[in-house]
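In this text, all values refer to a predicted model and were calculated from it rather than measured experimentally. Just so we're on the same page: letters track the sequence lines, and every chain starts at 1. Just the heavy atoms: all of them, side chains too, but no hydrogens, waters or symmetry mates, feed the values below.
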Number of protein chains: 2
Amino acid sequence: MAITIYDVAREANVSMATVSRVLNGNPNVKPDTRRRVKEVIKRLNYKPNAVARGLASKKTKTIGVIIPDVSDLYYSAILKGLEDISEMYQYQIIISNTDNDGNKELKAFETLSSNQVDGIILLGGSLDEATHEVIEQYDNPIVMCGYSKRETMSTVNINYPDAIGEVVRGMIDRGRKQFVYVKSGYHSFLEDALGERIQKELEENGVNTKVDTYNAVTYEEGIELYERLVGSDVDAVISISDEVAGGILHGTLDHNVEVPKDLEVLSCSNTRIAYMMRPQLSTIAVPLYDIGAVGMRLLTKLMNKEETEITHVELPYKINYSETTL
Amino acid sequence: MAITIYDVAREANVSMATVSRVLNGNPNVKPDTRRRVKEVIKRLNYKPNAVARGLASKKTKTIGVIIPDVSDLYYSAILKGLEDISEMYQYQIIISNTDNDGNKELKAFETLSSNQVDGIILLGGSLDEATHEVIEQYDNPIVMCGYSKRETMSTVNINYPDAIGEVVRGMIDRGRKQFVYVKSGYHSFLEDALGERIQKELEENGVNTKVDTYNAVTYEEGIELYERLVGSDVDAVISISDEVAGGILHGTLDHNVEVPKDLEVLSCSNTRIAYMMRPQLSTIAVPLYDIGAVGMRLLTKLMNKEETEITHVELPYKINYSETTL
DNA sequence: TTGTATGCGTTATCAA
DNA sequence: TTGATAACGCATACAA
C-alpha cells in the first residue's frame, strides 16, 4: 500500500488538513510548519493520489482528446501541439480513437465524461447529429480543432474555404480548366462546402466546366484514382489528403504525364509527407501544430473560466507553392 | 450535479448496493430486480463515475502509454495497435510524451503512477538508470514495446540484431564494402548493439572495412548527411529511421548517384513513408501495429494475472527488398 | 437475495 | 494558523 496523506501528517505531527494545505499551496500555513511538512513529503517520497483528489475536488487535471486516427500524420501533428501545451499546464491527456465512426465518437465522449475529464478536445469535426445533441448537454468546456456544424462550439482552424478559393484562382490564372477535387468523405460538412467553393470560383472566373469529385483517403487509393483519370483532360487536382495527392502524383510518373506542366496537384494538408515527396507537393500550409497548441490553450482558459464566450479562432495559413504547381 | 448511484437506488426502490451489483454483473440479484434497476439506469441515463469507482476498487481501467513522440509515424503506428486492443478490453489510454528526454520520462512515469493507472506501456526503450530503478519499485505491470536493458521487464519486439545481420550479409553478397550506419542516438543500448553487429558481419564475411556511424533523425538531416558523404566510396547505407533514409535517398538524386547500383539504402523502420518514396525504400518490415497490439494484449493478461512470468515476445519480421537495394 | 455500514485518499467547511 | 469532520461516488464485507 502506498504512502497516504495520513502517513505524512503523522510523521510531521500535523493534521492531514495541514498537509493538504501545503500540497495545494494554501498560504495559511506557518512557514516553519510548511517546511517541516515538505521535508517529510520528500523523505517519504509521498505522491498524492490523483484519483482521490479528483473525486474530492471534482477536478481531475485530465482532458480528453477525441481523434479519428492517431497514426494519421495530420492528426498526430495537431496532437503534438495539444500535448506540449497540456504538459505546460500540467494536464494529462486521455485519447479516444474514433476511426471516423460516429458511434465510436459518441461512446468516446461518454467514456471521457464518466472519467470526469475537465475538458474535451475534438479533432476532425464531429459527425453525427446524435453526438452534437449529447455534446450540448455537457457542462465542461469543449474545443473543436476543426470545423463544427454548430455555432455553439468553440473552434480553432484556418479558413479553408478562403484558402481553397485562393488556390483555385491561382490555378485558373495559370490556365487550368478541368478540376478534380478529392475529398475523404468523412467530413462532409466542410468538404462539401469546399467542393462548392471550387465550383463557385470557376463560375465567377469564367471557367465553364464542372468539378469532378472523388473520395479517397490512402496513398494506394490515390494511385488507383489516377488510373481512372488517365486520358481525361484533367489538368488540376486538389486533394484534401496529401497521402492521396502523393498517390496521384506517383500515378502520373508511370504515364509520362508531366507535373506540373500537364497536371497541377495540390494538397490541402501539409504533413511532413508533402515535402518528403519528389516532386515536392504544393500544399495549403495548415499550421497543424499551432492548431493543437492554440486549441489546448483556449481550453485551459475555458476550464479556468478566464474565457467564457464561445470563440472561433482562425489561424493564418500560407499557400505553399512547391514543385507540383506552376 | 450528475446522477449518482443513490438516485438510481431511490428510483428503483432498492439499496445502492443492489444497484452496484447490477452494474458490476454480480449474479446475486433477483432477475426481476435486475430488470427494474436496469430500466431505471436507462431511464435516468445514469453513467457510473469512473473516478469514484477507481478510488473504491483501486482499478481505474486506465493504462498509461509513455511515448517519445506521437507525431513520429513509427510510434504512432504502434500506438494505433495499442489503442485497438485497449478499446477491445475497455481500457482508457493516458499518453505521456517524453521527447526522448530521460527526465520527462521519469516524470511521466510518476504522474501515471499517481493517476493509478492499472498498467503502463513503454515505447522506445527507457533511457535513464534512474528511471529503471523507479520502475522496478512499481507494482503494476509494465510492458516495453521495444528493447530493455534489464531482463526484468516484459518486452515485445522483433529480433533487430538478427534482422540487421541478414541485411548486411545480403549487401555483402551483392558486393557492398563500405558501410554507413545512421542511428538516432536516442536508444544507445539497442543502436550500439546493432552497429557492432554490422561490424561483426563484415569481419566474419571477409570484408575488411570499418563501418562509419552517424546520428540523424529527420529527413533534412538525412539530406545534409548525404552531402557529407558525396565523393566517398560508401556503397551501402543502413539507417534506423526511414525519414533519414529518405533524406539520404533524395540527396543522391541531386548528385547523379544511381540508387541502388552505386549506393544501396535500407531503413530499419517501415512506416508508410517508406513506400510513398520514389524510389521505394527497402526496409526491415517491422510489424509496428502488431507490436502495439501484442504489447497491449500482454499487458491485459498481466493485469488480470492470467500471465505472471516476465515474457519476451519476439515477433516475426521480413526484409522488404524494394527499389533501393539490388 | 438484499441492505447497512465502512473505506478508498483526498478536498473543503467550519470551529477553534 | 491549525484540526476535526464531512463530503466525493462508488465497491464491498458483513449482516440480515
Side-chain angles (χ1 to χ4, degrees), chain A residues 1-38 40-41 44-62 90 92 110-111 113-118 139-140, chain B residues 1-38 40-41 44-62 110-111 113-118 139-140:
Chain A
M1 207 51 52
I3 313 255
T4 74
I5 201 171
Y6 285 103
D7 301 319
V8 177
R10 185 170 3 88
E11 199 76 7
N13 285 316
V14 294
S15 74
M16 54 172 300
T18 299
V19 178
S20 177
R21 289 191 190 96
V22 172
L23 243 32
N24 295 293
N26 186 317
N28 297 327
V29 180
K30 191 160 57 169
D32 186 54
T33 313
R34 179 185 306 279
R35 200 189 37 68
R36 205 168 71 247
V37 170
K38 280 196 167 170
V40 173
I41 287 177
L44 299 187
N45 191 28
Y46 164 71
K47 310 278 178 203
N49 179 325
V51 176
R53 191 176 257 192
L55 183 60
S57 71
K58 306 194 156 288
K59 293 274 165 228
T60 55
K61 274 291 198 175
T62 299
Q90 317 246 57
Q92 299 298 112
E110 285 174 342
T111 309
S113 162
S114 95
N115 272 87
Q116 312 290 108
V117 294
D118 297 338
D139 49 0
N140 281 333
Chain B
M1 204 53 51
I3 313 257
T4 74
I5 200 170
Y6 288 102
D7 301 319
V8 176
R10 184 167 10 85
E11 198 76 9
N13 286 316
V14 294
S15 75
M16 54 166 301
T18 300
V19 178
S20 177
R21 287 188 193 100
V22 172
L23 243 33
N24 295 293
N26 186 316
N28 296 329
V29 179
K30 191 159 59 169
D32 187 53
T33 312
R34 178 183 308 277
R35 200 188 39 68
R36 203 168 72 247
V37 170
K38 282 196 166 169
V40 173
I41 288 177
L44 300 187
N45 192 28
Y46 164 71
K47 311 279 178 202
N49 179 325
V51 176
R53 190 176 257 193
L55 184 60
S57 71
K58 303 191 155 291
K59 294 274 167 225
T60 55
K61 274 291 199 177
T62 299
E110 284 173 343
T111 310
S113 163
S114 97
N115 272 86
Q116 312 291 109
V117 294
D118 297 339
D139 50 1
N140 280 334

Determine: side-chain N/O of [X] to OP1/OP2 of [N], distance under 4.0 Å, yes or no.
X	N	answer
B:Lys58	D:dT12	no
A:Tyr6	C:dG7	no
B:Ser20	D:dA11	yes
B:Thr33	C:dT2	yes
A:Arg53	C:dG9	no
A:Asn24	C:dT11	yes
A:Ser15	D:dA4	no

State which of [options] makes the closest approach to the side chain of [X].
X	options	result
B:Thr18	C:dT10, C:dG3, D:dG9	C:dG3
A:Ile5	C:dG3, D:dC10, C:dT11	C:dT11
A:Ala56	C:dT2, C:dT10, D:dG9	C:dT10

Value rounded to 0.5 Å, distance of [atom1] in [X] from [atom2] in [Y]:
X	Y	atom1	atom2	answer
B:Thr18	B:Arg36	OG1	CZ	9.0 Å
B:Thr60	B:Leu55	OG1	CG	11.0 Å
A:Lys61	B:Thr111	NZ	OG1	11.5 Å

Tell me: [atom1] of [X] to [atom2] of [N], nearest whole Å?
X	N	atom1	atom2	answer
B:Arg10	D:dC10	CZ	P	13 Å
A:Asn26	D:dG3	CG	P	13 Å
A:Asp7	C:dC8	CG	P	11 Å
A:Leu55	D:dA6	CG	C1'	13 Å
A:Asn28	C:dT11	CG	P	15 Å
B:Arg21	C:dT1	CZ	P	11 Å
A:Asn13	D:dG3	CG	C1'	13 Å
B:Tyr46	D:dG9	OH	C1'	7 Å

| request: Could you check B:Ser57 against B:Pro31 and say which one's nearest nucleotide on DNA chain C is further toward the 5' end? | output: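 Whichever sits nearer the 5' end wins; that is B:Pro31.
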| task | With heavy atoms under 4.0 Å as the rule, sort A:Val51 into base, sugar-phosphate or nothing. | result |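 Since no nucleic acid heavy atom lies under 4.0 Å of A:Val51, the category is nothing.
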| query | Can you find a heavy atom in the side chain of B:Val22 that is under 4.5 Å from one in the side chain of B:Val14? | reply |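 The answer is no, as the side chains (C-beta and beyond) never meet within the 4.5 Å cut-off.
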| task | Mind listing the closest non-hydrogen atom pair of B:Leu44 and B:Ile3 along with its distance? | result |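 Taking every non-hydrogen atom into account, O-CD1, 3.7 Å.
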| Which heavy atom in B:Val51 sits nearest to a heavy atom in A:Gly54, and how many Å separate them? |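 Looking at all heavy atoms of both residues, the shortest contact is CG1-C, 4.0 Å.
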| Hey, which of these two, A:Ala17 or B:Asn49, hits DNA chain D nearer its 5' end, going by closest nucleotide? |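 Mapping each residue to its closest nucleotide by heavy atoms, the 5'-most match is A:Ala17.
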| request: Report the residue (A:Met16 or A:Lys30) whose heavy-atom-nearest nucleotide on DNA chain D is the more 5′ of the two. | output: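 Nearest nucleotide further toward 5': that of A:Lys30.
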